[in-house]
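The chain is numbered in sequence order, starting from 1. Bear in mind the structure is a predicted one, so any value in this text is a computation, not a measurement.
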Amino acid sequence: MVTNAVRYGSRPGDAVHVVIDADESRTRVEVMDHSRRRPRRRRNAAPGTRGRGLLLLDVLSARWGVDARPLGKAVWAEVRR
C-alpha cells in the first residue's frame, strides 16, 4: 500500500501518511495520499511484473477498502490476530 501511494498517489514533495492501529483482535494499516484516484485491479498481469497489489490485499487481509479524504484518499487493510 505504501509503495502504491508513493508510486501512483503522490508527486515529488508530497507526503504519504501511514497509521497503524492494533488491538487484541486485529491490526489495521491505513495509507493516505493526495490522489483521489482509487486503486484498480490490473487485468492479466504477467508473472514477474507489477499489478498484483490488490490481489495481495484480498489474500492477506481480513478486509480492506478505500475512504475519500478532504485532500485525497486512504487505503486501509485489516489483518486478524
Side-chain angles (χ1 to χ4, degrees):
M1 292 186 312
V2 173
T3 300
N4 282 356
V6 170
R7 180 174 251 178
Y8 304 113
S10 63
R11 290 181 249 163
D14 284 349
V16 172
H17 190 77
V18 178
V19 175
I20 299 173
D21 180 51
D23 60 28
E24 299 81 27
S25 63
R26 58 105 180 114
T27 300
R28 178 183 172 108
V29 178
E30 184 175 275
V31 180
M32 293 164 267
D33 63 46
H34 293 284
S35 173
R36 293 194 181 275
R37 192 172 65 215
R38 297 176 65 90
R40 63 180 177 84
R41 294 187 200 290
R42 289 184 171 221
R43 293 179 172 229
N44 304 323
T49 65
R50 42 187 206 191
R52 293 183 300 274
L54 297 182
L55 174 64
L56 289 172
L57 283 180
D58 284 338
V59 172
L60 298 174
S61 67
R63 64 190 195 120
W64 67 273
V66 182
D67 297 332
R69 296 296 164 101
L71 297 175
K73 70 174 173 307
V75 179
W76 57 269
E78 292 182 356
V79 178
R80 301 266 181 239
R81 294 181 113 202

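The distance from atom NE2 of His17 to atom OG of Ser10, rounded to the nearest 0.5 Å, is 14.5 Å. Rounded to the nearest 0.5 Å, atoms CZ (Arg37) and NZ (Lys73) are 7.0 Å apart. Here the straight-line distance linking atom CE of Met32 with atom CG of Leu71 works out to 11.0 Å at 0.5 Å rounding.
In the hydrophobic clustering of this structure, Trp64 groups with Val31; members are Ile, Leu, Val, Met, Phe, Trp, Tyr whose side-chain heavy atoms approach within less than 4.5 Å, directly or through other members. Linking ILVMFWY side-chain heavy atoms closer than 4.5 Å, directly or via other members, places Tyr8 and Leu56 in two distinct hydrophobic clusters. Clustering ILVMFWY residues whenever any of their side-chain heavy atoms sit less than 4.5 angstrom apart, transitively, puts Leu55 in a cluster other than the one holding Val2. The same ILVMFWY cluster, assembled from side-chain heavy atoms under 4.5 Å apart, contains both Val6 and Met1. Taken together through direct or relayed side-chain contacts under 4.5 Å among Ile, Leu, Val, Met, Phe, Trp and Tyr, Val18 and Leu60 form parts of separate hydrophobic clusters.
With hydrogens and angles ignored, the 3.5 Å screen pairs a side-chain donor or acceptor of Arg36 with a backbone N or O of Pro70. Side-chain N or O atoms of Arg69 include none that pairs as donor or acceptor with a backbone N or O of Asp33 at under 3.5 Å. A donor-acceptor pair under 3.5 Å is absent between the side-chain atoms of Thr27 and the main chain of Ala22, judged by distance alone.
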**Report entry** Verdict with supporting geometry, Val75 and Arg38, side-chain contact (heavy atoms from CB on, under 4.5 Å)
**Finding:** CA-CA 9 Å; Val75 179; Arg38 297 176 65 90; over 6 Å; no
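The shortest heavy-atom contact between Trp76 and Asp67 is NE1-OD2, 3.3 Å. Pairing each heavy atom of Ser61 with each of Val79, the nearest pair is CA-CG2, 4.4 Å.
Around the CZ atom of Arg81, the shell of radius 6.0 Å holds more than 12 heavy atoms that belong to other residues, nucleotides or ligands.
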